[in-house]
S.K.: 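My structure is below; once you've seen it, I'll send some questions.
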2 protein chains.
Amino acid sequence: MSIQRDGGASPTISEVAAEAGVGRATVARTLGGYGSVSPKTREVVLAAAQRLGYRPNSVARSMSTGETRTLGVVLADVGNPFFAGVLRGIADAARRADYDVLVLSTDEDLAQEAAAIDVLVDKRVDGVILAPAAGRQARMPQIDLLEQRGIPLVLLDRLVDAVTADAVVINNREASREAVASLIEAGHRRIGFVWGPVTTEPAAGADDLRRILDSALWSDGERLLGYLEALEQAGIPFDTSLVTHVAKHESQATRAVLGMLALSDPPTAIFATETDALTGSLRALRQRGLRCPDDVSLIGFDDSSWASVMTPAMSVVAQPMHQLGKLAAECLLARMAGGVAPVATHVLEADFVRRDSVAPPPAN
Amino acid sequence: MSIQRDGGASPTISEVAAEAGVGRATVARTLGGYGSVSPKTREVVLAAAQRLGYRPNSVARSMSTGETRTLGVVLADVGNPFFAGVLRGIADAARRADYDVLVLSTDEDLAQEAAAIDVLVDKRVDGVILAPAAGRQARMPQIDLLEQRGIPLVLLDRLVDAVTADAVVINNREASREAVASLIEAGHRRIGFVWGPVTTEPAAGADDLRRILDSALWSDGERLLGYLEALEQAGIPFDTSLVTHVAKHESQATRAVLGMLALSDPPTAIFATETDALTGSLRALRQRGLRCPDDVSLIGFDDSSWASVMTPAMSVVAQPMHQLGKLAAECLLARMAGGVAPVATHVLEADFVRRDSVAPPPAN
DNA sequence: AGACATATTGATACCGGTACCAATCGGTGA
DNA sequence: TCACCGATTGGTACCGGTATCAATATGTCT
């Protein structure tokens, strides 16, 4: 008894059965907690399992039940604070339901995203949460695969027109409009817009810009629309030169903002719609020796401890990251449980947090 | 032909075999790329697989091969920027070797950590990367389970005396000593030390403190020892009241620093050994209306964009997060591949980044 | 043409669970 | 004492791959 198995192998149900002197099925029932087992037998079996250090093999169980109790998560970058926060929310909700999380980063690359979904399908995850790297008008063949296989899907943070699935996003447009409106209210009329990963030419005008939106991430597009709406409401003409056309990395944001500041009629305020865009903008101000908010007012996206402890404290649009992930996971779990609720897009509210980085434009 | 299967089930090898009119084994050989198959048959099989949209079932493959091509990662909090960065490094290295990553957060809780390891064992991951929540002198029974099962393990960021396994850490003590030394060099003699999650009483003195170290995280302990060494080298007496005894959350760090600043002989500089500790310290200064570096000099741990764009730019000990994760994964993969290299602890260098948050103490 | 080596193929036994079904056990009431 | 019922138990067929082995087909050489 209590013989340690060699070679690092794990004891199986059969071995426990042999050790306990009962049949395989009896052990399965005892440990699986189904069917009926006499108290005496149960004890014998449990003792044998204990002695052998038995642990169930989830792979075998999945093989037989068809469920892996694993959620697949596909997002741009686990290292990014926004996605890291979201992931935490997902993981918390998953754990509570006794699920685990398999994460894949795509770096906003469509090929990697497709490969990631293939992996998740092959590994037979029970559900998928996806922050698409595709623009809202993209076609996403891999999604069909999920649907075909009956794997529930929840879109996170970004919508895609062609995909009919539950989604959890924030009210990007309203939040953005509110932020820009607060700049306008403070007296600004030249407001720079630094946005996320967009790889297109500079827009020739507002209409051209709307065209570009079709290929942009939904979230980025909405933020830009919010900006446009705020301008329009205030009767401020739209100026292409105040909108960056590519700011995927912080350094690109810095370069873009330096470009704006070099204009003959430079912006007196900047709305940066991502963390990297904000820090990139700050770096640009710093390089030009400009001060915030005295020379240029700033509003960022995504709150963090840093934003609130620096001087001046940064006004930001704060996304409920944890909540976003939690809700996405809960939504997915409900769907997996066979929920027949109609497909829905859940919109969470992002709070505009007013701090000290906004002041009236300089008198001059 | 090309009949779509109903019920969301995936086509199996048998179905492909039927569709192609060949035996199961032949399909397996064709798709698995082993054995030999005639070019003609190969084509027929591939066409059938294509028509049916065949995708291999990784679960079944794992069942048969005994490997899951999945790495398990156990860390305190995926939402924490440090761990998020490390995780990204792990995921990148894993992907390159065609492995996926299952992540579990423990919130620095031993029970959750034990449960996490159980899950990974049950799911039969091929290897585990663990940032232990346990102090260096803790006993960790779950680790034995891993060893028993022959699952390779790499410790990350923190060492545990009782565990013999490969490890990847940074040179916490030297980095800490260097940071504190630079404060001393600037003229400071009253230097506050705000450290990470430690749940013990205030130390009664240096010796008592060393005792406390045994139950602290290895990394936290090393950082404190670095602090002590720097003081000793400069002949500055150790003062318990300048060392926080609990600063697990930012708010606790703030409270602790406020306490220090209220001392009759308050610190003129603070070394915060975690991101939260630094932002917490900054918040305390802000509440007291003190300015950095004019009134109090600061050095933090972990670099971020924020640290370098704020005013003053923060001096920090920058950990190579991505590299840390990447190396841990590579080390694990090597061990999984049957590497017979002796167990080793890899020590990466953390750079001390000198910026503007350190100045001589105020003249007064 | 015959013998033999090689390429190709199909059948089948695993892997370790789950779950159904039939067999057995024990106890009860007539 | 016997028939009968429910509780308990063991046997076994899956799940979908992998890998071995024997059987068959193909081709070559003498």
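Protein chains get the first letters and strands the later ones, always in sequence-line order, with residue 1 at the start of each.
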S.K.: If only side-chain N and O atoms of B:T41 are considered, is one of them under 4.0 Å from the OP1 or OP2 phosphate oxygen of C:dT9?
M.R.: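 Yes, within the criterion.
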S.K.: Quick one: label A:V37 by what it contacts on the DNA or RNA (base, sugar-phosphate, nothing), any heavy atom closer than 4.0 Å.
M.R.: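 Sugar-phosphate contact only.
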S.K.: Check the interface with nucleotides 17-19 of chain C: list each N/O to N/O pair with the protein under 3.5 Å, or write none.
M.R.:
residue, atom, partner, partner atom, Å
C:dG17, OP1, A:Y54, OH, 3.2
C:dG17, OP2, A:I13, N, 2.8
C:dG17, O5', A:Y54, OH, 2.9
C:dG17, N7, A:R24, NH1, 3.4
C:dG17, O6, A:R24, NH2, 3.2
C:dG17, N2, A:S64, OG, 3.4
C:dT18, OP1, A:R61, NE, 2.8
C:dT18, OP1, A:R61, NH2, 3.3
C:dT18, O4', A:S64, OG, 2.5
C:dT18, O4, A:R24, NH2, 3.2
C:dA19, N7, A:Y34, OH, 3.0

S.K.: Please list all pairs meeting side-chain hydrogen bond (donor to acceptor under 3.5 Å, both in side chains) that have one or both residues in residues 128-142 of chain A, counting only residues at least two apart or in different chains.
M.R.: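 Output for this query lists A:R136-A:D161.
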S.K.: Check the distance between C:dA11's P and B:R29's CZ and give it to me in whole angstrom.
M.R.: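 Going from CZ in B:R29 over to P in C:dA11 covers 11 Å.
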S.K.: OP1 or OP2 of C:dA7 sitting under 4.0 Å from any side-chain N/O of B:S36?
M.R.: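 So the side chain of B:S36 is outside the cut-off, no N or O lying under 4.0 Å from OP1 or OP2 of C:dA7.
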S.K.: Got A:L145 and A:I151 here, is their nearest side-chain heavy-atom distance under 4.5 Å?
M.R.: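 No, every pair of side-chain atoms sits at 4.5 Å or beyond.
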S.K.: Any salt bridge (charged side-chain N to carboxylate O under 4.0 Å, His left out) involving residues 25-43 of chain A? Give me the pairs, sequence neighbours left out, ordered by first then second residue.
M.R.: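 As it turns out, there is no salt bridge (charged side-chain N to carboxylate O under 4.0 Å, His left out) pair with a partner in residues 25-43 of chain A once direct neighbours are skipped.
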S.K.: Between A:R69 and A:E67, is there a side-chain N and carboxylate O pair less than 4.0 Å apart?
M.R.: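 Yes.
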S.K.: Can you confirm whether B:V154 sits close enough to B:L130 that some side-chain heavy atom of one is under 4.5 Å from a side-chain heavy atom of the other?
M.R.: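 They are not in side-chain contact.
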S.K.: Taking atom P of D:dG17 as reference, at what distance in whole Å does atom CZ of B:R69 sit?
M.R.: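 Spelled out: CZ on B:R69 to P on D:dG17 is 17 Å.
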S.K.: In degrees, rounded to 10°, what is the bend between the two ends of the helix from C:dA1-D:dT30 to C:dA30-D:dT1, using five pairs at each?
M.R.: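 Between the axes fitted at each end of the helix from C:dA1-D:dT30 to C:dA30-D:dT1 lies an angle of 60°.
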S.K.: With a 4.0 Å cut-off on N to O distance, would you call B:E108 and B:R158 a salt bridge?
M.R.: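 Looking at B:R158 together with B:E108, the answer is yes, because their closest N to O distance falls below 4.0 Å.
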S.K.: So which pairs with a foot in residues 119-133 of chain A pass salt bridge (charged side-chain N to carboxylate O under 4.0 Å, His left out), sequence neighbours left out?
M.R.: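 For residues 119-133 of chain A: A:D122-B:R55, A:K123-B:D100.
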S.K.: Restricting to non-hydrogen atoms, name the atom on B:L332 and the atom on B:L71 that form the minimum distance, rounded to 0.1 Å.
M.R.: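 Of all heavy-atom pairs spanning B:L332 and B:L71, the closest is CD2-CD2, 3.9 Å.
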S.K.: Using a 4.0 Å heavy-atom cut-off across all strands, classify B:V22 as base, sugar-phosphate, or nothing.
M.R.: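 Sugar-phosphate: the residue B:V22, judged by heavy atoms under 4.0 Å, touches backbone atoms but no base.
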S.K.: Rounded to whole angstrom units, what separation is found between the CG atom of B:L31 and the C1' atom of D:dG17?
M.R.: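 Value for this atom pair: 11 Å.
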S.K.: So, OP1 or OP2 of C:dT9: does either fall under 4.0 Å of a side-chain N or O from B:S38?
M.R.: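 It does, given that an N or O in the side chain of B:S38 lies less than 4.0 Å from OP1 or OP2 of C:dT9.
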S.K.: Can you give me every donor-acceptor pair (side chain of residues 76-92 of chain A, partner residue at least two apart or in another chain, under 3.5 Å) with its distance?
M.R.:
residue, atom, partner, partner atom, Å
A:D77, OD1, A:G79, N, 2.7
A:D77, OD1, B:R88, NH1, 2.6
A:N80, OD1, A:F82, N, 2.7
A:N80, OD1, A:F83, N, 3.4
A:R88, NE, A:D92, OD1, 3.0
A:R88, NH1, B:D77, OD1, 2.6
A:R88, NH1, B:D107, OD1, 3.2
A:R88, NH2, A:D92, OD1, 3.2
A:R88, NH2, B:D107, OD1, 3.1
A:R88, NH2, B:D107, OD2, 2.8
A:D92, OD2, A:H322, NE2, 2.8

